[in-house]
> 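First, the structure itself, so that you have it in front of you.
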There are 2 protein chains.
Amino acid sequence: MMFCLLVAESALILDQFLFSHDAAKELKEAISKKNLELVYLYDLNPVDEIWKESRPKPPNNPIRVHDMKYAGLDVASKLSSLRAELVGTGASAIVISMLDEVAWLLNLRGSDVPHSPVMYAYLIVEVDGAKLFVDNSKVTKEVMDHLKNASVELRPYDSILSEIRRLAAQGAQLWLDTSSVNAAIVETYKSALDKYRSNLGSKGKIKNKRYDESNGLSEGPSGVYMRSPISLAKALKNPAELEGMQNCHLRDAAALAQFWCWLEEEIHNNVELTEVDVADKLLEFRAKKEGFLDTSFDTISGSGANGAIIHYRAEIGSCSVVDPNKLFLLDSGAQYIDGTTDITRTVHFGEPTAREKECFTRVLKGHIALDQAVFPENTPGFVLDAFARSSLWKIGLDYRHGTGHGVGAALNVHEGPQSISYRYGNTTPLQKGMIVSNEPGYYEDHAFGIRIENLLHVQEINTPNRYGGIEYLGFEKLTFFPIQAKLVDISLISDDEIEWLNNYHSQVWEKVSPLVEGSARQWLWNNTRVIHKQ
Amino acid sequence: MMFCLLVAESALILDQFLFSHDAAKELKEAISKKNLELVYLYDLNPVDEIWKESRPKPPNNPIRVHDMKYAGLDVASKLSSLRAELVGTGASAIVISMLDEVAWLLNLRGSDVPHSPVMYAYLIVEVDGAKLFVDNSKVTKEVMDHLKNASVELRPYDSILSEIRRLAAQGAQLWLDTSSVNAAIVETYKSALDKYRSNLGSKGKIKNKRYDESNGLSEGPSGVYMRSPISLAKALKNPAELEGMQNCHLRDAAALAQFWCWLEEEIHNNVELTEVDVADKLLEFRAKKEGFLDTSFDTISGSGANGAIIHYRAEIGSCSVVDPNKLFLLDSGAQYIDGTTDITRTVHFGEPTAREKECFTRVLKGHIALDQAVFPENTPGFVLDAFARSSLWKIGLDYRHGTGHGVGAALNVHEGPQSISYRYGNTTPLQKGMIVSNEPGYYEDHAFGIRIENLLHVQEINTPNRYGGIEYLGFEKLTFFPIQAKLVDISLISDDEIEWLNNYHSQVWEKVSPLVEGSARQWLWNNTRVIHKQ
C-alpha cells in the first residue's frame, strides 16, 4: 500500500511514518527521475494544518496479554535471545516498528488494525532494558503488570523520535532494519548521529571517518543496518503456538462445515445469494466459535468469472449473485485467540464441465505434490514451487501468484521471511516450525477461478536415511476440510494421489466430526467418503 | 584446472595465458591475503628459460572444415549475427579465446585437445573483418579456401598480443568476456588503452575520465566487458546440428549394444576383466563406427565402491576387476564427425540387493520426472533440478552433483551457458535447441554408485493451452539405449513410469536394431522387452 499526497506539480509529499526507509529511498529515486521533489510530511507544518480537522483519530482499543498457553515462550526469554543477537552484532539497541514483531516479542495483542491482532507501538530493546512506545490509554492494569515483569518500560507513542535523538546523542549503536523501520526513524537517527560524530570529531575523540552503512562496527557508531532477527524467530513456531494453530483450525473447520452445509441447502432451494451475503453468513458461523476475534483478511468470495480475479473483493451493490452453474471460489480466514486460519476451497453446486474438472484436478495434483514434498534442510521455498505447477505446465497452464506465504500464530495472516514462489529472490530456507500456505490455482479469464489452499507447518521427516548427515523436512497439515470430490477427474489422478485424498478426508472426518452435529455433521460425512478409480 | 608454479616462499608465478582474467583476479585476491605476491610468467624471462628445454611442443595437427551438412549455418551468417551484436554494444571488435567458440564460429575442427575437436587459436572479429590467430602449419589448402570465402584473414598464433596492442593504439573498443578471455589479453589491452587515453588526454582530445569497467560506452574507449554472445548462439542448435547429434547417438548405441553383449558374455564365462579392460573394449567397438574421432571424455568405469567416486578414473595397475556381484557404473561418450555423445548406464550382472534396486528405482524416477517435464519459456534449469531429486529426498537420499550440463554439437562434451543444478546461480533460461544431460545419481560410499544419463534437447511442446501467450518447452531424447529392467523395483514405480520405460525401450528397439546384428541384436531385443506391474 502506498500513501502519498501530490500537492503541487513539482513535489510529492510523503509521510515518513508510513514508509519504510528502503521504500522511501526507492520512491525518492524514482521521483528524482521525473523531476519531482520529495518533501517529507513530517517537516511540513502547513500539511499538518490541512489534516487537523479531518485526520481520523488513531484507534484506542485496549491491549491484552497473549496467554502463555498460546505464546509458549515468556517475554523475558524472547528478549534475552534478542539481546544475545544485539551483543553479537555490536549494537547497543534495536528499534522495532513492525507491529507484529512488537506483539510477538512482548506477548501482547491489540486490535488497532483490521484483521491483524496488533497495536500501534514502537519498541526499543537495549542490552539492559526495553521501552514500549504506546498510547497510555490502551494499557490496562494487566498489561502494565505483564510489562513490568519483563522489565519493559512504557513511553508515550509520540516520543519515539526524541528517544532516538537521545540515544544517538549518547553515541548508541542502533540496529535498524531499513526494510521495515520507517523513514522518519532512520533519518532522525542518521542526522542525530552525524551531529554526535561531528561533535566528537571536533573534540578529536574520533576521526571523522566516511559514513559507511555497510560496516556498523567501524570506529564510532554509525548504526547497524541488517535484517531484524525477530522476523525469523517469530516464524519458527514453538509447540504451544503450533497447538493453538491446530486447535483453532479444527474449530474453523467446524464453522466451515456448518457454512457449506447451509450454502448448499440454500442453493438447492434456489435462494438467491450474493457473494457478499455468503461472506457475511460465513462470518456469522465463525463468530460463534470459541476464541473468535476477527476475519484474518477480507473474504474473497467469487462466483464464475469473479473467481478469476485473484484479489477480488465483492462489494454490496456491485457484486454478483452466486451462480449454481458456475465454479465458486471462497478464500477466507479468521483470527482466534489461539491462532490464525487461511483456507481456500473451490466448489461447483451443479455439474462441472470437463474443462473445469481437468483444471481443478491439475491444481489438486500440484497441491498434493507440494504437500507430500520431502526436502533437505537449507532448501529455500522456491525450489519446491515447481512441484505445485508441473501438472498445469504439462498442458500449458500456470498461475500468476506465489504458491505459499508464511502465516503468523495468532498474528498477521501474511508474514515472512519464508515464501514458496516462482520468484527466486527469497533464499530463506524452509525451517522446522515455519507455517506456509499451499495454494496453487488456475484462473481462466472471464470464466472461472480455482484455488485449493491449506496451511502446513514444516517438520522433520523421519526418513530411513539421512544422506549428508542432515535433516530432511516435510509438511504436516493444519487445515482439515473436505476438497470437493465431484471436481476430481479420476482419469487424471494417480493411485498415490487418490490415496492422499482418501487419507486426508478420513483425517478430516476423524478430527472435525466431533465438533459438529446434525446436518453439518451429515454434510461432513457425505464429503469425506472414499473415492475409487473406476 | 589450475596451472601455477610456486617458485619462492613469497611469490606465486602464474601463466597469464592459462587463466581467464576473472580467475586470475580471484587468485590474486586470495593470494594477497596470504602475503604472497603474484608474478606473471609472461613478464619473467628466467622462467621461460626453465621451460625452454622441457616445455612440451604445442600439438601440430591439421585443422579440418566442419561440413555444412553438420554445421547447418555458414560462417558468413554466423559472423554477420555476431557483428550485429558488436554494433549493438558499440564495440568495434570482439576477442574470442574459447576454443570451442572459435571452432563453432568458423565451422572448423581440430585435434589439439584430448576429447575436444578444437584447435589452439584466437579469433578477433571486427565490424569489417576477422582474423584467426593460428599456427600456419595446421592450415590446409581446404581450410585456407574456407576462411578466404568468409573473409577471415590468417595471423600467426603468437601475434595475438601485438594485434591487441595495435588495436588499442587505434582506440578500438574491444569486447572482452573476462570470464573466458585470458588474463594476458585483458591486461595487455587495458594497459595499451591507458597509454592511448593518456596520449589523447594530453592532446586535449578527450577528458581523462575515471576508468569505468561497467560502462563501455563512456567517452573514449574503455572496453566492453560483457558475456560473449557466442556461448548462447552455439548452445542453440540448428536442425542440421540436431540431426547430426541424433544420428551419431544411434551409431553410438549400436557400439554400446555390441559392447554390453560382449561384456555380459565375458562375465557369464567368468573372464576376469579390469575396469580399464572394459573401457578399452568399449573404445574398440566405438572406434569401428562411422565418423568416430575420439572419446568425448575419460571413461568412468567403476565397479562396486569405485562407482561411488563421482569422477573416478580407473588406471592400469591400481584399478579393480569388474565384480559380477556388484553394481557397475559406466559413464562414457564419443566424438563423431557429426556429433558428441555422453551416456551413463548402471547394471548388475547377478542378483541386485533390495537396497540397490530401491536406490536405482528412485534415481530412475528422478530421471523420468525430468525427462517428462514441461515448463514455460524463460525457466532456468535450476527450477527443474528438484524434479530429479524428489524421489530420493523422500527417503533421505540425495546426490552431490548437478543434474544436467550443456553438450556441444561435435564439440565440447561440457558447455554453457545453461545447466540444471541445485545451485541457483545460473539463471540462463532453457531454450529451444539447447542440449542438456539428464543424469541424476546416488552414491553410497564404499558400496556402489548409480547414475542414469541420457542427453536431451529442448523443444517446444504443442500444449493444448498456452497460458500467458508464451511457449511451453520440454525435452526430446537423443540417447536411445536400454536401462536395465532387472534393477527396477516394480513396487516403487507408477503406471506412468512403467509406461515411460516400455515406450522408451520400444523406441530404442525401433531405432537401434537396424544397426546391429547377431548376438548384439539379440541382446538389444532381450533388453527392450515390455515390463509389467505384477
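Given the structure is predicted, the values throughout are model-derived calculations rather than measurements. Proteins get letters first, then strands, A, B, ... in listed order; numbering begins at 1 in each.
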> For the residue pair A:H401 and A:Y399, categorise the inter-ring angle as parallel (less than 30°), tilted (30 to 60°) or perpendicular (more than 60°).
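Rings of A:H401 and A:Y399: tilted, as their planes differ by 30° to 60°.
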> In terms of side-chain geometry, is the basic nitrogen of A:E377 or A:R466 positioned less than 4.0 Å from the acidic oxygen of its partner?
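Looking at A:E377 and A:R466, the cut-off is not met.
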> Do NZ/NE/NH1/NH2 and the carboxylate oxygens of A:R345 and A:E453 come within less than 4.0 Å?
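No.
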> Non-hydrogen atoms of chain A under 4.5 Å away: do they reach the side chain of B:E471, the backbone, both or neither?
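Neither part.
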> Using distance alone, with no hydrogens and no angle criterion, decide if B:Y443 and B:R451 have a side-chain donor and acceptor under 3.5 Å apart.
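Distance-only check passes for B:Y443 and B:R451.
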> With only heavy atoms counted, which part of A:E444 is less than 4.5 Å from chain B, the side chain, the backbone, both or neither?
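No part of A:E444 comes within 4.5 Å of chain B.
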> Is it the backbone or the side chain of A:Y472 that comes under 4.5 Å from a heavy atom of chain B, or both, or neither?
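Looking at A:Y472, just its side chain touches chain B.
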> Does any heavy atom of chain B fall under 4.5 Å from the side chain of A:R389, the backbone, both, or neither of them?
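The answer is neither part of A:R389.
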> Between the side chains of B:E351 and B:K486, is the shortest nitrogen-to-carboxylate-oxygen separation below 4.0 Å, so that they form an ion pair?
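No, no charged N to carboxylate O under 4.0 Å.
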> In terms of heavy-atom proximity below 4.5 Å to chain B, should A:A373 be classed as side chain, backbone, both, or neither?
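It is the backbone, since no side chain atom gets that close.
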> Between B:I461, B:D398, B:L384, B:D495, who has the most heavy-atom pairs with chain A when the cutoff is under 4.5 Å?
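Ranked by heavy-atom pairs under 4.5 Å with chain A, first place is B:D398.
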> Could you tell me which of B:V383, B:L397, B:L392 has the largest number of non-hydrogen atom pairs under 4.5 Å with chain A?
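Most heavy-atom pairs under 4.5 Å with chain A: B:L397.
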> Which region of A:F375, side chain (C-beta onward) or backbone (N, CA, C, O), has a non-hydrogen atom less than 4.5 Å from a non-hydrogen atom of chain B, or is it both or neither?
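Both parts, heavy atoms under 4.5 Å.
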> Considering residues, nucleotides and ligands other than A:E499, do more than 12 of their heavy atoms fall under 6.0 Å from its CD?
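It does not: A:E499 CD has 12 such atoms or fewer within range.
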> Among B:P376, B:S390, B:G468, single out the residue with the greatest number of heavy-atom pairs under 4.5 Å to chain A.
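Result: the option with the highest number of such pairs is B:P376.
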> Could you check whether atom NZ of B:K357 has more than 12 heavy atoms from other residues, nucleotides or ligands sitting under 6.0 Å from it?
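More than 12 heavy atoms, drawn from other residues, nucleotides or ligands, come within 6.0 Å of this atom.
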